[in-house]
Each structure stands twice: as structure tokens, then as C-alpha cells.
Amino acid sequence: MTIGQAVTAAQGEELKRDNNVIIMGEDVGLYGGAYQATRGLSAEFGTDRVIDTAISEAAISGAAVGAALRGMRPVAEIMYVDFLTIAMDQLVHVGAYNRYMFGGKAKVPMVLRTEGGVGRCIAAHHSESLEAWVMHTPGLYVVMPSTPYDAKGLLKAAIRSDNPVVFIEHKATYGQFGPVPEGDYIIPLGVADIKKPGSDATIVSYSRMAMWSLEAARLLAEKHGIDAEVIDVRTLKPLDIKTIADSVRKTGRLVTVSEGFCTCGVGREISGQYMEYEFDDGSHGFDYLDAAPVNLAAADVPPPMSEPLEMASIPSIETIAQAVTKLING
């Protein structure tokens, strides 16, 4: 199935499994979602459980937090991650902090689904990758899948979590096909996936860039004889730094690939955590590097509308392969 179908299936299965699960957001009901990721759910489960809301991201986020505090398991959709900025007060100050501020007596089992990234030439207000913003917030989980299998399993796990989860899909991947097993399954949050084992360099990525990293690894093997390991973190927070550290300890080289902005971005966080990581023998990540880490990310410019400029503003399969080649050959 496609990633879009996997997201829809995950929500449908959880609506059937638990009567406390509800879906809310702009156009999630009759229209089926801006990217059809809730298609058919309103007809199957009714408008009391798949709820079309007003055009107010703050209201959607606040209503979801309130519903979660009262025992529901809301899945709230924000149409574009860019609009998350309008919902941050409710999401952060009420949603993310409540479990801590009430001494663990309150649970906030909500999922805020949204989508980001470039690929449709709809300019800066609808094309950002703001995952680093929400990673900064204590109390929030941040999940970004790259395959239909991951999308379904991670979303089901997020809906069952007692913590608020920001689940970010990539707008250009909804039609991406991949195998999804029949029956119920979940993928634990906070566990990375080694998409391709390797020995010469470690490429760490997520979302669409994980797929592009796999393509870059294929080019590296075919054209340069370089065996790159590709790790898809899947959950950005909590981050599975152990899997990353064990890989870089083996390969000696680290390349991070993100579609988010470079400054204060995800790649810098991954590299920083790796440098400080302490292994069982007391050594640290820094001790095993054969070269300085490379951070590939979006240029520090608002995403352009022009397709050539849009694509030039983010890492490509070719630039990933070039960066690894340069890292190894000097």
C-alpha cells in the first residue's frame, strides 16, 4: 500500500480497537483530509468520532489536549507543519508540560498529525520542515516515518502512547508504495532501523531523506565501491543514539541528512549526541571518528516556490553520495 493508505489504515484500526480514539481537524471528515489520509473514516465511524473543525490550529491543538486530559485518545490533524506555529502554545505549554506539572497524575495521550517538506512548489508558508522546533520541547515525542510499513506501525504506537506525539508525514511521499503486513502490529517509539548495513560510512536520516540516502548508498556501491550503512531514526525524540553510536564506532564516519534547516537542526543534534555518547568501556563517540561529521540539511532560506530552486535548497541523492565519497577519499 501507499504511505497515505497506511496512515488511513492505522487510524481506522485504532478507531475500531478503542472507542476513546477520535480524529479531529480541518477537512478530515467529509473531504477525507488535505492529502486523503483520513479518507472514508467519517463514513465508517461517524461525525462524532471523525470531527471536522473550524479553521483554527490553536483550537484544534487545544481541543485535542483537553480531550486527552479527559481520557480520550485524539488524533488531531494540522494541515501543514508550517501552521504548527499557531498551535504551539496549546501543544507545548498545556500538552507537553502537563504530565510533569501534575506530578505524573495527568496523562496526555494525543497525537498531532501533520505533514511537511518541499516537493509541491507551494512556497515557504507550506513547505517547511520544522521538526527541530518540536524536538526542542520537553515532553513531546517526534516521529517521522519513511515507508508505509513504518508509517502504519509507528502511528498505531503513537496513538496508544500516553505521551503527546507529533507525527510528521512528508507531503511528497503519500503515494510511495511499500509492503505492509496484514494484521495488527506496532513499531516501538524510540527505536531506529538500519535500512542498509554497511562498513565504510554511516548515513543517518529520516522521512523522505532516508529513502534518498538509500538511493545514494546504492550509487556509492555501484560507482565507487563504497559500502555505506543507512540508519533511519524513525523517532527523532526520543532518539535511538545507541544504534547510531554503535554504527559509527564500526564505520568511523558520520553523515547526517535532513530536510530541515541547517542552523540548530536535527543533524547537529545527532552529531552532538554522538560525540558525547559514552560506551560501556568508558570511551566516547568522538574517539572513533576518522573524519569530522558531515551535516547535510536545507539551506537557511525560506523554501522557494520555483521547482529548480526548491530542489536546490535541500540535499539530493547526488549531494549525499558526493559528501560520503569526499569524506572517505578526502
Side-chain angles (χ1 to χ4, degrees), residues 1-84 86-87 90-91 95 108-117 120 122 126 143-145 148-161 164-178 180 182-186:
M1 61 176 62
T2 66
I3 284 183
Q5 291 168 336
V7 169
T8 304
Q11 293 174 99
E13 289 179 14
E14 292 304 298
L15 283 162
K16 286 181 181 177
R17 189 188 64 84
D18 186 346
N19 288 331
N20 288 319
V21 175
I22 59 174
I23 295 173
M24 61 174 66
E26 300 167 19
D27 293 332
V28 297
L30 183 63
Y31 187 66
Y35 288 89
Q36 299 296 291
T38 55
R39 186 176 184 178
L41 297 180
S42 178
E44 183 175 357
F45 296 99
T47 56
D48 58 337
R49 296 191 65 198
V50 182
I51 306 164
D52 280 320
T53 68
I55 303 175
S56 173
E57 286 75 19
I60 295 167
S61 179
V65 172
L69 287 168
R70 295 294 291 170
M72 306 299 287
R73 290 189 177 272
V75 181
E77 179 179 310
I78 301 295
M79 199 174 287
Y80 291 92
V81 73
D82 316 70
F83 305 159
L84 199 62
I86 309 169
Q90 296 290 335
L91 177 64
V108 191
M110 63 169 285
V111 177
L112 195 149
R113 276 190 52 247
T114 187
E115 57 76 29
R120 292 194 60 228
I122 46 180
H126 297 76
V143 180
M144 296 186 70
Y149 169 76
D150 289 342
K152 185 177 180 183
L154 290 167
L155 182 52
K156 287 168 70 71
I159 293 171
R160 298 182 193 185
S161 173
V165 180
V166 178
F167 193 93
I168 306 175
E169 300 140 21
H170 196 291
K171 66 168 64 68
T173 67
Y174 281 112
Q176 175 187 322
F177 277 94
V180 177
E182 295 181 354
D184 183 43
Y185 73 95
I186 64 168

Indicate yes or no for a side-chain donor-acceptor contact from T2 to the backbone of Q5 under 3.5 Å, with no hydrogens or angles considered.
yes
Side-chain donor or acceptor of R73 paired with backbone N/O of I159 under 3.5 Å:
yes
Where do A10 and K156 come nearest, in terms of heavy atoms and distance?
CB-CG, 3.7 Å
G117 backbone acceptor or donor facing K171 side chain under 3.5 Å:
yes
Taken to the nearest 0.5 Å, the spacing of I55 CD1 from I86 CD1 works out to 11.0 Å
First locate atom OG of S42, then atom CD1 of I51, and finally report the distance between them rounded to the nearest 0.5 Å.
10.0 Å
Give a yes or no on whether the backbone of I78 and the side-chain of T114 come within a donor-acceptor separation of less than 3.5 Å.
yes
pair L84-L112: side-chain heavy atoms closer than 4.5 Å:
yes
Which atoms form the tightest heavy-atom contact between G95 and P164, and what is the distance?
O-CG, 3.8 Å
For G116 against I168, the heavy-atom pair lying closest together
N-CG2, 4.1 Å
Using the rule given for side-chain contact (heavy atoms from CB on, under 4.5 Å), can you reason through H126 versus F83, listing the C-alpha separation, both sets of side-chain angles and the distance that settles it, and then say yes or no?
CA-CA 8 Å; H126 297 76; F83 305 159; 3.4 Å; yes
Report the relative orientation of the aromatic rings in Y185 and Y149; use parallel for angles under 30°, tilted for 30 to 60°, perpendicular for over 60°.
parallel
If you compare all heavy atoms of G33 against all heavy atoms of E77, which two are closest, and at what distance to 0.1 Å?
CA-OE2, 4.2 Å
Between the side chain of R49 and the main-chain N/O of L15, is any donor-acceptor distance below 3.5 Å?
yes
Side chains of residues 21-28: which donor-acceptor partners sit under 3.5 Å, not counting sequence neighbours?
none

Evaluate L155 against V111 for side-chain contact (heavy atoms from CB on, under 4.5 Å), listing each step before the verdict.
CA-CA 9 Å; L155 182 52; V111 177; 4.1 Å; yes
For the backbone of L41 and the side chain of T38, can you confirm whether one donor and one acceptor N or O come within less than 3.5 Å of each other?
no
Looking only at atom types and distance, does a side-chain atom of D150 sit under 3.5 Å from a main-chain N or O of P145, one as donor and one as acceptor?
no
Checking salt bridge (Lys or Arg N to Asp or Glu O under 4.0 Å) for the pair R160/D18: CA distance, chi angles, key distance, verdict?
CA-CA 9 Å; R160 298 182 193 185; D18 186 346; over 6 Å; no
Could you check whether any side-chain N or O of T8 sits under 3.5 Å from a backbone N or O of G4, counting only pairs where one atom can act as donor and the other as acceptor?
yes
Heavy-atom closest pair, residues R120 and Y80:
NH1-OH, 3.8 Å
Got a second to check how far M72's CE is from M110's CE, nearest 0.5 Å?
13.5 Å
Any Lys/Arg nitrogen of E13 or K16 sitting under 4.0 Å from an Asp/Glu carboxylate oxygen of the other?
no
Has T173 got a side-chain atom pairing as donor or acceptor with H170's backbone, closer than 3.5 angstrom?
yes
Donor-acceptor side-chain pairing of Y174 and E169 below 3.5 angstrom
yes
Any side-chain heavy atom of E115 sitting closer than 4.5 Å to one from Y35?
yes
Which pair of non-hydrogen atoms, one from A151 and one from F167, has the smallest distance, and what is that distance?
O-CZ, 3.6 Å
